[in-house]
Asks: 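Before I ask anything, let me first share the structure, which is written out below as structure tokens.
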Amino acid sequence: MSGPSNFQPKSPILQWTERRLPILGLMHSSFVAYPTPRNLNYWWTFGGILSFCLGVQIITGIVLAMHYTPTVAGAFDSVEHIMRDVNFGWLLRYVHANGASMFFIAVYIHIFRGLYYGSYKEPREILWILGVIIFLLMMATAFMGYVLPWGQMSFWGATVITNLFSAIPGVGPKIVELLWGGYSVDQPTLQRFFSLHYLLPFMIAGVVVLHIWALHEVGQNNPAGIDVKSDKDTVPFTPYATAKDNFAMVCFMIFFAWFVFYIPNYLGHADNYIPANPLQTPTHIVPEWYFLPFYAILRAIPSKLGGVLAMFGSIALLAFLPWLDRAKTRSAKYRPLFKQFFWVFVICCIGLGWLGAKPAEGGYVIASRILTAYYFIHFLVILPLLSYYEKPSPLPGSISESVLGNQPLAPAKVKGAR
Amino acid sequence: MNGEQPTRRDFLYIATGAVGAVGAAAAAWPLIHQMNPDASVQALASTEVDLTPVAEGQIITVKWRGKPVFIAHRTKKEIETAQQTPLRDLPDPQPDDVRVKKGKEQWLVLVGVCTHLGCVPLGHQGDYNGFFCPCHGSHYDTSGRIRKGPAPSNLEVPPYEFASDTMVRIG
């Protein structure tokens with residue numbers, strides 16, 4: 001898919017640079033000439049949207065760090081200082097906080113797109129696993145970021161989640177002390193979380209580079225799930241995918257802006273506007289919405305260690321997906337049974353998310369256990385069985401055939417007058 | 001599509017680019033402006049100073065907005081010298097009476113930062129019995145005006161008011 005570029009710059013200065021560091025050629029072959037399947041739908045725009053989100057979070061984060069005080073005494077007040085005194089501080093804070101939620105909305109859509117269309121299957125296994133790694137890094141980053149305002153939820157969320165590691169037999173409590181830098185969540189914890197919260201997004205950026213590299217090596221998947229067979233199946237990335245991605249990004253920005261300007265605290269928790277009190281736990285500790293499904297799984301298992309293993313396992317399981325689902329047909333479009341189970345799985349995840357916000361009592365616990373069991377059954381039982389027993393629908397001959405029928409192909413126009 | 005007439009596509013590209021550029025500028029401005037002094041810094045930090053312990057001939061230094069401010073209780077001789085200096089002798093001409101408050105000419109309030117490169121001048125020193133900046137040799141007189149040396153302008157007079165005969169509020 002990506003090979004030596006035939007990009008030749010016209011200006012002599014650029015030719016001089018190209019010979020020494022072919023970065024323009026790389027940009028050209030990756031984002032201009034890059035052959036993109038012509039049947040990609042809007043679910044494929046979320047990769048670009050995610051890159052945009054990462055950029056927004058890094059930029060607003062760096063700028064917020066110019067005004068934030070990472071001390072137990074000063075953190076909460078410094079956030080209010082940002083909101084009230086710093087020029088456009090309110091905007092920067094709301095963009096960063098809501099940006100995190102937007103980042104997760106986009107990543108979940110991106111992941112479910114991969115699940116539906118079989119984008120994790122051969123030859124994209126490593127691409128998929130890199131994605132799981134990015135997801136894990138995102139969760140760590142978001143968790144630490146939420147601690148920084150040092151509100152009640154910040155403090156108690158940090159306490160609960162770091163305490164998870166005490167479930168490890170033997171060394172558990174020592175590990176927790178190591179994480180805390182003390183005997184409870186306190187100044188050392190806050191400060192190291194600040195440092196790591198600043199660091200991790202750059203690691204995410206690095207893994208994203210690998211992710212895009214792995215993608216360009218094998219090429220995009222597509223809604224039909226069949227391989228690109230000829231040039232007729234693809235169009236150059238610019239202007240087609242570029243324009244589509246930009247349009248989708250603008251629509252996403254409108255959605256994002258709606259939250260930032262009209263309902264900036266909707267996705268947050270009111271208790272986090274109460275300064276952290278180590279001597280009083282709020283009645284209902286809830287993590288941010290994007291962690292709720294995993295929180296539900298954690299609480300569903302009656303054993304402490306079991307709950308921790310189930311929670312981490314539910315994410316780690318994703319990495320094995322290419323080997324659990326070995327069906328040759330990629331796209332759910334041509335797998336009618338798989339398609340139904342996919343939507344049941346989506347409802348299961350949404351259900352787990354809803355349950356994660358509920359108190360761990362009565363019917364909610366029972367429901368959480370049923371849905372947690374189903375979550376694992378989906379990956380460990382249903383998908384492997386489907387790969388053996390499902391008879392897929394007939395696939396189209398080629399991508400261009402599925403989009404154009406068998407009409408003669410008009411050449412892809414690039415930039416009118418040129 | 002000949003190259004002579006701009007096409008509809010060209011128009012759309014240029015229009016999108018223009019809106020994009022405006023959007024980029026609108027997005028960039030808050031990111032830059034957040035580095036400007038924020039409201040808490042700008043909040044006119046007022047400092048009140050009690051003048052009763054300041055004897056005639058004495059100069060005290062107080063801190064205002066992070067900078068030193070000299071408050072000099074001038075002697076009659078210092079006031080006369082300042083008022084009688086011909087303006088043509090001054091590199092930055094300013095009569096003494098615009099640098100003090102009417103009826104309170106004995107009180108000289110100056111920002112103690114040399115207008116050359118920012119060092120803090122020393123009081124009761126220099127060739128004009130005013131202030132002397134040791135960094136590069138600027139001499140200021142008993143009204144804080146530059147007389148000799150590389151400093152381009154007189155020592156700045158900050159905004160201040162007399163809350164009473166013995167209390168001055170700076171800023």
Asks: About how many Å separate CD of B:Gln34 and NE2 of A:His67, when rounded to the nearest 0.5 Å?
Replies: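 Reported to 0.5 Å precision, the distance equals 3.5 Å.
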
Asks: Could you pull out all residues at least two apart from B:Asp141 that satisfy salt bridge (charged side-chain N to carboxylate O under 4.0 Å, His left out)?
Replies: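 So B:Asp141 forms a salt bridge (charged side-chain N to carboxylate O under 4.0 Å, His left out) with B:Arg145, B:Arg147.
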
Asks: Sort out for me which of A:Val86, A:Ile59, A:Leu92 touches chain B most, counting heavy-atom pairs under 4.5 Å.
Replies: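 Of A:Val86, A:Ile59, A:Leu92, A:Val86 has the most heavy-atom pairs under 4.5 Å with chain B.
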
Asks: With a sphere of 6.0 Å drawn around CD1 of A:Ile13, does it hold more than 12 non-hydrogen atoms of other residues, nucleotides or ligands?
Replies: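 Incorrect, the count does not exceed 12.
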
Asks: Within residues 249-263 of chain A, which positions have a heavy-atom distance to chain B below 4.5 Å?
Replies: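 Under the 4.5 Å heavy-atom cut-off, nothing qualifies.
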
Asks: With no hydrogens and no angle check, is any side-chain donor or acceptor of A:Asn87 less than 3.5 Å from a backbone partner on B:Pro30?
Replies: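 Side chain of A:Asn87 to backbone of B:Pro30, a donor-acceptor pair under 3.5 Å: no, none is there.
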
Asks: Does a sphere of radius 6.0 Å around NZ in B:Lys104 hold more than 12 heavy atoms from other residues, nucleotides or ligands, not counting ones at 6.0 Å or beyond?
Replies: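 Yes - once you tally the heavy atoms of other residues, nucleotides and ligands closer than 6.0 Å, there are more than 12.
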
Asks: When you compare the side chains of B:Asp38 and A:His81, does any donor N or O come within less than 3.5 Å of an acceptor on the partner?
Replies: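 Distance-only check passes for B:Asp38 and A:His81.
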
Asks: Please determine whether the number of non-hydrogen atoms from other residues, nucleotides or ligands lying under 6.0 Å from atom OH of A:Tyr42 exceeds 12.
Replies: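 Yes, because the 6.0 Å sphere around OH of A:Tyr42 holds more than 12 heavy atoms from other groups.
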
Asks: Is it the case that atom CD in B:Glu161 sees more than 12 heavy atoms from other parts of the structure closer than 6.0 Å?
Replies: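 No, not enclosed.
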
Asks: Around atom CH2 of A:Trp43, are there more than 12 heavy atoms from other residues, nucleotides or ligands closer than 6.0 Å?
Replies: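 Open.
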
